[in-house]
Amino acid sequence: MKKLLSLLLALALVFSLAACGSKTDDTTTDDTQGDANAESVDLVVFTAASMTETLTEIAEMYKEVAPNVNITYNFDSSGKLLTQISEGADCDLFISAAPKQMNAMDGSLIDDNDKNPDGLDLIVTDSRINLLENKVTLAVPEGNPKDIESFDQLAELLKSGDVMLAIGNSDVPVGQYTQKIFAYYGLDEAALADSLTYGNNVKEVTTQVSEASADCGIIYATDAYSASLTVVDSATAEMCGQVIYPAAVLKGEKEEAAQAFLDYLQAADAMSVFESVGFSAAN
């Protein structure tokens with residue numbers, strides 16, 4: 001009788017363990033399926049043209065971290081991107097090449113007519129950060145046919161009309177930094193019209209230098225690197241200020257996904273990509 005009772009208890013224990021194991025397996029399967037079936041998110045990122053190469057690479061890296069997130073970029077001058085967003089374009093995350101364009105849609109500055117002239121309140125203010133810093137440089141075509149060596153020399157060549165300089169339009173950050181450099185040297189842009197050629201964004205300026213349609217160009221260090229151009233000088237903060245790239249999440253239905261991507265852009269893996277072309281983390 002005792003042997004029969006022991007056998008029955010042993011069988012009960014076996015069935016109990018089997019049932020527990022089955023529940024554990026079911027739970028694991030459900031969790032795995034939940035990850036695999038995570039809802040797809042289409043994230044629209046408006047960003048300065050100077051970030052084209054780095055952010056394209058980072059989007060591929062992010063797929064490994066968040067396979068359900070599909071990132072679509074709109075690369076252009078920060079001024080044009082601001083106009084598109086203010087006119088209602090779909091955008092979830094904005095990265096500007098200067099604070100000016102970000103200020104113009106920052107609701108915390110709504111009472112400052114100089115910084116936010118249209119009274120826009122489009123970004124999640126708490127999400128705004130200074131993401132990166134770049135450098136404004138003087139770049140030359142292959143062979144440097146005019147033997148340009150510095151901004152100091154450029155200023156003298158412009159005054160004598162002996163050089164053709166490619167610069168950004170006044171509504172784009174790289175053009176605005178150039179205007180500050182002109183002011184530093186006491187140069188009158190209007191008086192230099194015959195020595196200047198313009199681009200709608202920094203990529204267009206870079207192309208003019210690469211194709212030697214200009215003797216030199218004022219572009220970002222990162223664009224010079226990406227285009228394999230020679231940099232002969234870099235502007236100091238005294239000449240044009242710091243070149244800060246702010247970033248912020250736009251108000252809307254995808255704030256959480258946009259914030260997650262912005263967090264990733266600040267992490268070590270993404271930052272190593274930025275630093276490889278000349279960006280640095282903003283201080």
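Quick note: residue numbers are just sequence positions, from 1.
Expressed to the nearest 0.5 Å, how far CD of Glu57 lies from OG1 of Thr52 amounts to 13.0 Å. If you take CG on Leu82 and OG on Ser96, they are separated by 8.0 Å, rounding to the nearest 0.5 Å. The line from CD of Glu149 to SG of Cys216 is 12.5 Å long, rounded to the nearest 0.5 Å.
Looking at heavy atoms from C-beta onward, Glu156 lies in side-chain contact with Lys159 at the 4.5 angstrom threshold. Inter-residue side-chain proximity for Tyr185 and Met239 is flagged as met; some heavy-atom pair is nearer than 4.5 Å. Considering only heavy atoms from C-beta on, Asn144 comes within 4.5 Å of Val232 through its side chain. Annotation: side chain of Phe94 is in contact with side chain of Met102 (closest heavy-atom distance under 4.5 Å). The shortest distance between side-chain heavy atoms of Val249 and Phe261 does not fall below 4.5 Å. Looking only at side-chain heavy atoms (C-beta outward), Gln101 and Pro173 come within less than 4.5 Å of each other. Phe151 is listed as a side-chain neighbour of Ile218, based on a closest heavy-atom distance under 4.5 Å. Residues Leu165 and Leu154 have side chains in contact (heavy-atom distance under 4.5 Å, counting atoms from C-beta outward).
At a cut-off of 3.5 Å, with distance as the only test, a side-chain donor of Ser108 or Asp106 sits close to an acceptor on the other residue. Between the side chains of Ser40 and Asn68, not a single donor N or O lies within less than 3.5 Å of an accepting N or O.
A pairwise comparison of heavy atoms in Val209 and Ala166 identifies CG2-CB, 4.4 Å as the closest pair. Summarising the geometry of Pro246 relative to Asn130, their closest heavy-atom pair is CB-OD1, 3.9 Å, with the distance given to 0.1 Å. When all heavy atoms of Ser50 and Thr222 are compared, the pair lying nearest together is O-OG1, 4.0 Å.
At least one donor-acceptor pair under 3.5 Å links the side chain of Ser78 to the backbone N or O of Ala97. Not one N or O on the side chain of Asp215 forms a donor-acceptor pair closer than 3.5 Å with the backbone of Lys146.
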Subject >> side chain to side chain contact (heavy atoms under 4.5 Å, CB included) evaluation trace for Leu265 with Met271 >> reply: CA-CA 7 Å; Leu265 294 180; Met271 198 57 66; over 6 Å; no

**OP:** For Met105 and Ile85, run side chain to side chain contact (heavy atoms under 4.5 Å, CB included): C-alpha distance rounded to whole Å, both residues' side-chain angles, the deciding distance at 0.1 Å, then the answer.
**Re:** CA-CA 9 Å; Met105 60 176 69; Ile85 295 171; 3.9 Å; yes

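Open room surrounds CG on Asp194; 12 or fewer heavy atoms of other groups in view lie less than 6.0 Å from it.
Applying the ring-ring contact (aromatic ring centres under 6.0 Å, His included) criterion to Tyr73, with sequence neighbours excluded, gives Phe75. Residues satisfying the salt bridge (charged side-chain N to carboxylate O under 4.0 Å, His left out) criterion with Asp121, sequence neighbours excluded, are Lys251. The salt bridge (charged side-chain N to carboxylate O under 4.0 Å, His left out) test applied to Lys203 returns Glu53, Asp223, not counting sequence neighbours.
Using a cutoff of 4.0 Å between basic side-chain nitrogens and carboxylate oxygens, Lys63 and Glu60 are not scored as salt-bridged.
Aromatic ring pairs are classed by plane angle as parallel below 30°, tilted from 30° to 60° and perpendicular above 60°; the pair Tyr220 and Tyr177 is perpendicular.
For residues 266-280, the set of pairs meeting the side chain to side chain donor-acceptor pair (under 3.5 Å) definition, not counting sequence neighbours, is empty. Counting only residues at least two apart or on different chains, the side chain to side chain donor-acceptor pair (under 3.5 Å) pairs with a member in residues 160-175 are Ser160-Asp162, Asn169-Asn200.
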Taking distance alone, no hydrogens or angles, what donor-acceptor pairs closer than 3.5 Å link side-chain atoms of residues 42-49 to residues at least two apart or in another chain?
| residue | atom | partner | partner atom | Å |
| --- | --- | --- | --- | --- |
| Asp42 | OD1 | Asn70 | ND2 | 3.0 |

